[in-house]
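Each remark here refers to the structure printed beneath this line.
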Amino acid sequence: MALILVLAAAAVAGLSGLPALLARGRPRLGQGCATALLVAASATGLLSAAWALVTGSAVALSGAWAVPGGSFSVSLDALSTWFLLPVFLVPGLGAIFGLQYWRQAEHAEAGGRVQFFYGVLAGGMVLLVVARNSVLFLVGWELMAVAAFFLVATDDVQAETREAAWVYLVATHLGTAALMALFALMRQASGSFDWTPLSAGSLPPAAAAAAFLLALIGFGLKAGLMPLHVWLPSAHASAPSHVSAVMSGVMIKMGLYGLVRVTSLLPAPPLWWGILLLALGALSGVIAAAAALAQHDLKRMLAFSSIENVGLITLGLGLALVGRSVHNAAWIVLGLGGALLHVLNHSLFKSLLFFGAGAVLHATATRRMDALGGLAAAMPVTLTAWLVGALAVSAVPGFNGLPGELMLYLGLFDVVRGGSPAVALVATACIGGLALTGALALASFVRALGAIFLGTARSPVAHAAHEPPGPMTAVLGLLGGLCLAAGLAPFLLAPALEQVVAGWAGAAARGGAAVLGDTAVRSGLGLLELAPLRTLGWAGLAVLVPVALGTAWFLRLAGRISARRTSTAGAALGTWDCGYADPSSPRLQYTSSSFAALLVGLFGWAVALRRSPAAAPAMFPAPWAFATAPIDRLLARLVVPFCQRTAGRCTRVRVLQQGVLHIYLLYILGVLLLGIVWATLSPWSRG
Amino acid sequence: MNTWRLVEGSLHLLLLLGLPPLLPGVINKTKALMAGRVGPPVLQGYYDLAKLFRKGMVFSRTTTWVFKAGPVVAWVTTVLAGLLVPLMHHAPPAAFAGDMVLLVYLLALGRFFMAAAALDTGSPFEGMGAAREVSYASLAEPALFLGFIAMAKLTGSLSLAGMFSGTLPEGWSGAAAALVLVTASWFIVLLAENSRIPFDDPNTHLELTMIHEVMVLDHSGPALGLIEHGAAMKLFIFGALVLDVLIPVTTGDPWLDWALLLAGVLLLAVLIGLVESSMARLRLNNIPKLLVAACLLALFGVILLMV
C-alpha cells in the first residue's frame, strides 16, 4: 500500500509541471496548479514513507517491462524509505517557497520549463530510490540529472550560468558512464540486472575492486566528493535558490544513496575500501570547509559547505565498511547510523540555509556577502531562521548537526581504542580532521552571519532590504522548527535508523560472508546503547532553556536600562569609536574576506585568493582599488590539467564526432551488430 | 552514597562558579612579584565583578539582540561545560560516552555567539578580534581532540570521567612519555584558548595584536561581568583538564582530595604567571605555528601509545 502510494506520488510529482507548461498564457494559474500538485504528492509520499518506516515492513513489487534487461522491480525497504523522507519534504517546501521567490509570471521565457523540470527532478529522485533494477534505476537517475541540467540553466542569459550548466552536464554524464560499467559488472556476477546481494564468490577480487571504484566515481561525482566536486559550487550558485535547496539538500544525497546501496550489495569489502572512504571523506571535509571560508558569494559558500558535509557522511560510510571488513558491529552502527542521521539532518539545515539565502537574494538582489550587512533590523525572522541553520551546521548542542557528528566521533574513538594500529592511526587522523572541519565550519558561518545580517549596511541595496512574503517566511520557520526538533529529540529516529543499518549489514550477511546478521546488530548493540542520543537531547534542553530564559531576562534588563538612559541622556549611542572618526562607517567594517584572511592563508595549498592588480601602488598612491577572487587549487592544479591533457589526447578521435544525427544512429547500429556478433561467437560471454 | 554525590556535585558547581575569579588575581600577583611590584590584590577579580554587576550598560544603536545574547550564551555554555569536566579525583556531575565531544562543542557554541556579538557592533576592531578568536580556536580544537584520543587509547574509556580516573596512574608508570606530551600540548591549548601570553596579552587594551579583549570592547556593566566571569571559568576548566592528566592520584580522603585540587589549580595559576613574566607575546603570524606544534605534540603522544 505504502509503495503504491509512493509510486503514485512520484508520478504526480513528476508530471506536476504540466499545467504550468500548458497554461503558459496564465502563469499564475499554472504555477498555482503545479505547486498544489507537487505539494499534494509530497505530503502523500511523506506520510506513506513515514508510515512504512514506523510499521517497518519492506514491500516489493516486480513487473515485466518491455525494455531489454529491465524489469519494473521496485521495493520500499528501510534504506529507501529513509532517503525518501528528504526527497519528498524538500521539493514540496521548495515549491511553496518558489511561489513568491520565483514567480512564473515574471519569467516568461523560462517559466513553464522550470516548473516542469522541477517536478521531473522530484519524481526522478523518488523513482531511483525505490528502483531495484539497474535499467529502472538509470531511468530515474537520468530523469533527475537532465532535469537538474535544465534547472541550473534557468538563467541562461548569463554566460556564467551557461558554463555552470555545461560543466554539470559533462560531470553527470561521466558519472552515468561509470555507473553503466558498474551495472554491467554487477550483471556479470549475478546474471540479471535486478539487484540482489551478490554472493561472496561471484565477483573475483579485481572485479569487486573495479566495481567499488566505479561506484565511487559514478556516485561520488553526483555527491560532490572531492576531487570530483568541480561542477558543484557553480551549479548550486547559479540555479534559483529554491532549486539550489533541492540540489544541495537532496540531489547530492542521491549519490550517497547509491554508494550506500551498492556497498550493501557487494560482498565482503576488503579493508582498503573503508580506509579509502575515510580518507576521502576527511579530506573533503577539511578542504571544502577551508574553501567555504574563501568564498565571496553566499551561495557558493553554502555549496562548499555541502561538499564538506558530504565528506563527513562519506567518512561515516567508510567507518561502517571498515566495521564490516573486520566484523565489528559497533563501528557499523555508529558509522552508518551517524552518516544516515547526518543525511537527514543536513537536508533539513542546508535547505533552510539555501532558502534563507534565497530570502536575502529576494530582498537585495545580490549574492556578494561583502555588499550586505545589517539586514537583521529589516529581516528579523530570516535572521533567526538562518541563525538556527548556521548553528546546526556548526554542530553545536541543541541543534541537529551534532547527533550525527557525535556518532561519527564515537565510532572513530572506538576504532582508536580497539582497532589495529594502522586503522587506529587513520581514525586518529580522521578525528583530527573532523575537529578541524567543525571549527572551520563554525568560522565560516559566523563570518557569513556577521557579514550578511549584523553590523551596518555596506551598500544601498542592503539598506532597502525587507522581510520576504508570508509563504517564504513560513517555509523558513517550518524548517527551523524541524532543525530544532531533530536536534532535541534525535533518539526518536533511532528505531528507524536501526532498521536501516540492520538492513544494510544484513543484506551483506545474506550475501554469503560471515558478516553480521540482522540479529547481531539488533540485539547486542542497539543504537541508543552505543550513542547517547537521549542524553544529547537532554543536553540540548539544558543549553537551550537557560540560554533562552537568560537572554530573555537580559534583554528585559537591557531594555529597562536603555529606556532610563534615553530619558536622561538623550539619543542612543553609537559603537565605541576608539578615537577614530567613524569606526561604524560601513567602509571601515571588517569584511567577510578580512575575517577569513588568517585561516585562508593557512590553507594556501588548497585554496587561495587571486588578487588583481597583484602589486600595491608605489609611493604617493592615487586612489586605488583591488579585487580578490577565490581559486580552487585542486581544480587548477589537478582537474583542469587532467581534462586538458585528456582533451588533447582525444583530438584524433574527434573525427567520429560529425554532429549529424544520422551518423550517430549508424554508430549505434554498428555497435549493436558488433555486440551481437561478439555474443554469438565468443563462448564465455553468454553468462 | 546518593547524598555524597549530591554534596560532591554541589561542591563542583560551587568551585566552578566561585573559584575562577581568583585565578587571574593569582596570575597578576605572580607577575607583579616577579617584576618587583606590589600589584593588585589577589581578590581583585571579585572586586571587578562586584563593580561591573552594579553598573549600567551601554548598547550601541547598531546592535541587535544577538549582541545582548552573546554574553549570556557564552556564560551558560561555559558553566555547562564545567559540569562535564572531572576535577582531579572527583567525577563530574554529568558523564556519558562522548561527553568530551559535547564539552568541545559547548565551548564552540559560546564562541559562535561571542564572535557574532562582536560582529554585531560593526566595529573594525571587534571584527578583527572575532576573526582571530575563531581562527586560533580552529587550530586549538584538533590538539584538544588528539589529547582525548591519547587518553581514550590509554584508559579504554570514551567519557571524561573514565579517562581521568581508574587506570590513569598506571598509565603514568607505563606511558609517561605520551602523557607528558599530552600535558604539554594541552598547556599550550590552555594558553591559547584563554588568550594568555604568548598568544595574547590580557593587560593591554586597544593593541591591534589582541584577541579576546578586543572582541568584547563594546560590552559594559553586567554583560562585561558575565564575559569576565565566563573567561575565568574557561581558564579553570582548561586548568582542570591539564591537572586531570598531570595529577591523577587520590589521597583516599575526599576532603584532602579537594584540598589537593585547590592547591593544584593555584599552582597552575602561578605557573601561568611565571610563563607570562618570562616571555613576550608572539608575533601574530607565529601563533598558528605554535598551535600546530601543540597538535603535533599530542599526535606524537598518540603514536607513542600505539606502538
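Note on naming: letters A, B, ... go to the chains in the order of the sequence lines (proteins, then strands), and numbering restarts at 1 for each one.
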| query | Using non-hydrogen atoms only, which part of A:L412 is less than 4.5 Å away from chain B: side chain, backbone, both, or neither? | reply | neither

| field | 4.5 Å side-chain heavy-atom contact, B:H212 and B:K234 | value | no

| So which of B:A97, B:A118, B:C295, B:A140 has the biggest tally of heavy-atom pairs under 4.5 Å with chain A? | B:A97

| field | Contacting region of A:L449 [heavy-atom separation from chain B under 4.5 Å] | value | side chain

| query | Relative to each other, are the rings of A:F445 and A:W386 parallel, tilted or perpendicular (30° and 60° limits)? | reply | tilted

| query | When rounded to the nearest 0.5 angstrom, what is the spacing between CZ in B:F145 and CG in A:L434? | reply | 7.5 Å

| Heavy-atom pair count under 4.5 Å with chain B, highest-scoring of A:T591, A:V543, A:V446 | A:V446

| message | If you count heavy-atom pairs within less than 4.5 Å of chain B, which of A:G450, A:P397, A:A443 leads? | response | A:P397

| message | Counting heavy-atom pairs under 4.5 Å with chain A, which one of B:V66, B:V302, B:L109 comes out on top? | response | B:L109

| Would you call B:W186 and B:F148 a side-chain contact if the rule is heavy atoms closer than 4.5 Å? | yes

| task | Check whether A:Y409 gets within reach of chain B through its side chain, its backbone, both or neither, counting any heavy atom under 4.5 Å. | result | side chain

| message | Under a 4.5 Å cutoff for heavy-atom pairs, which residue among B:A143, B:G221, B:A115, B:P142 has the most contacts with chain A? | response | B:P142

| Is it the side chain or the backbone of A:S394 that comes within 4.5 Å of chain B heavy atoms, both, or neither? | both

| field | Structural part of B:A223 lying under 4.5 Å from a heavy atom of chain A | value | both

| So which of B:L107, B:L80, B:D99 has the largest heavy-atom pair count under 4.5 angstrom toward chain A? | B:L80

| query | Strictly by modelled atom types, are A:D370 and A:S592 linked by a side-chain donor-acceptor pair under 3.5 Å? | reply | yes

| task | Output the distance between atom CG (B:N286) and atom CZ (B:R281), rounded to the nearest 0.5 Å. | result | 12.0 Å

| said: As an exercise, state the distance from CG of B:D218 to OG1 of B:T62, rounded to the nearest 0.5 Å. | reply: 7.5 Å

| remark: Among A:V396, A:L602, A:L406, the residue with the most heavy-atom pairs under 4.5 Å to chain B is A:V396

| query | Side chains of B:S138 and B:S135: donor-acceptor distance under 3.5 Å anywhere? | reply | no

| Do the ring planes of B:F113 and B:W65 sit parallel (below 30°), tilted (30 to 60°) or perpendicular (above 60°)? | tilted

| request: Could you have a look at A:A539, A:G432, A:A395 and say which one has the most heavy-atom pairs with chain B under 4.5 angstrom? | output: A:A395

| request: Please flag which part of B:L299 lies under 4.5 Å from any non-hydrogen atom of chain A: side chain, backbone, both or neither. | output: side chain

| field | Test item: side-chain donor near acceptor, A:T456 and A:Q589, under 3.5 Å | value | yes

| request: Please look at A:F554 and chain B and tell me whether the side chain, the backbone, both or neither of the residue comes under 4.5 angstrom of a heavy atom of that chain. | output: side chain

| request: Against chain B, work out which of A:L436, A:L440, A:L555, A:T428 has the most heavy-atom pairs shorter than 4.5 Å and name it. | output: A:T428

| query | In terms of heavy-atom pairs under 4.5 Å, which option from B:A137, B:A130, B:P222 contacts chain A the most? | reply | B:A130

| query | Within a radius of less than 6.0 Å around CZ of B:F300, do more than 12 heavy atoms belonging to other residues, nucleotides or ligands occur? | reply | no

| Region of B:S157 in contact with chain A, defined by heavy-atom distances below 4.5 Å | backbone

| Side chain, backbone, both or neither: which part of B:F96 has a heavy atom under 4.5 Å from chain A? | side chain

| Does any heavy atom of chain B fall under 4.5 Å from the side chain of A:L410, the backbone, both, or neither of them? | both

| query | Quick one: CE on A:M407 to CG on A:L536, what's the gap to the nearest 0.5 Å? | reply | 10.5 Å

| query | With a cut-off of 6.0 Å (strictly less than), are more than 12 heavy atoms of other residues, nucleotides or ligands near CH2 of A:W605? | reply | yes

| Region of A:A390 in contact with chain B, defined by heavy-atom distances below 4.5 Å | both

| query | Contact part of A:L387 toward chain B, heavy-atom cut-off under 4.5 Å: side chain, backbone, both or neither? | reply | side chain

